[in-house]
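What follows is a short report on a single structure.
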Amino acid sequence: MVINLFGGFHVERNGHVLTDEIWRRKKTSVVAARLTLSLGSFVSRRTIIDELWPDAGYSRGRESLYVTLSSLRRDGVALNGELIYSDVRRFDWLAREILLSGEDATSPQIVEASLKMEQLYTGPLYLPDCGDPSFFARMRRAFATRFVDCMVRGIDAALAAEN
């Protein structure tokens, strides 16, 4: 499964695009995006309930979350980090390579990684229009800042290599 969050929400499974019709409930796609941003780390049920149903009580929010997760399962979506390719995970890997490589990386390697990142970053991070999107807004700013930092490092490396 491929989940892309830069420039909007886009999912492919086995080479087929999962269209809006697959996502029976709007919040199903938001949960998938939220969990994708947190692959490899724990997100509490309470956190997701507070973000998606900020005005609902805990028990009502928990029921809504259960229905939403059931819908994800019914659509055949499982978020196993070993089986998911995500543009945000690739972005993080490239950012580490560009920003944390120190003197181990050559200028051409940094320039190449920066060009890959430029191709990957097709627009701002997906921002849902339901629930409380503040987590996504924070992540959007963080990714945009890291993108600029990486591009500056790539430009510096290109200038150093007289490229």
**Request:** Assess the side chains of S44 and T47: does a donor N or O sit below 3.5 Å from an acceptor N or O?
**Result:** yes
**Donor on one side chain, acceptor on other, S64 and R60, under 3.5 Å** = no
**Smallest separation among heavy atoms of A158 and V111, with atom names** = N-CG2, 3.5 Å
**Asked** Quick check: does any side chain N or O of S41 sit under 3.5 Å from a backbone N or O of S38, one acting as donor and the other as acceptor?
**Response** yes
**Asked** Roughly how far, to the nearest 0.5 Å, is the SG atom of C150 from the NZ atom of K116?
**Response** 13.5 Å
**Asked** Which atoms form the tightest heavy-atom contact between F9 and A32, and what is the distance?
**Response** CZ-CB, 4.2 Å
**Asked** Can M151 and M117 be said to form a side-chain contact (heavy atoms from CB on, under 4.5 Å), step by step?
**Response** CA-CA 8 Å; M151 292 300 102; M117 179 174 279; 4.1 Å; yes
**Prompt:** If you look at every heavy atom in Y121 and P124, which pair is closest and at what distance?
**Reply:** OH-CA, 3.8 Å
**Message:** Against the six-membered ring of F135, is R34 placed for a cation-pi contact (under 6.0 Å from the centre, within 45° of the normal)?
**Reply:** yes
**Prompt:** Is the backbone of L52 close enough, under 3.5 Å, to the side chain of K27 for a donor and an acceptor to pair up by distance?
**Reply:** yes
**Message:** If the condition is ring-ring contact (aromatic ring centres under 6.0 Å, His included), which residues does F143 pass it with, not counting sequence neighbours?
**Reply:** F6, F91
**Complete:** Heavy atoms of G131 and P54 approach each other most closely as CA-CD, 4.2 Å
**Item:** Residue pair Y66 / E63, side-chain heavy-atom distance below 4.5 Å
**Value:** no
**Asked** Out of T36, D87, V11, which residue meets the side-chain contact (heavy atoms from CB on, under 4.5 Å) rule with N4?
**Response** D87
**Complete:** For residues 143-163, the salt bridge (Lys or Arg N to Asp or Glu O under 4.0 Å) pairs (sequence neighbours left out) are D92-R146
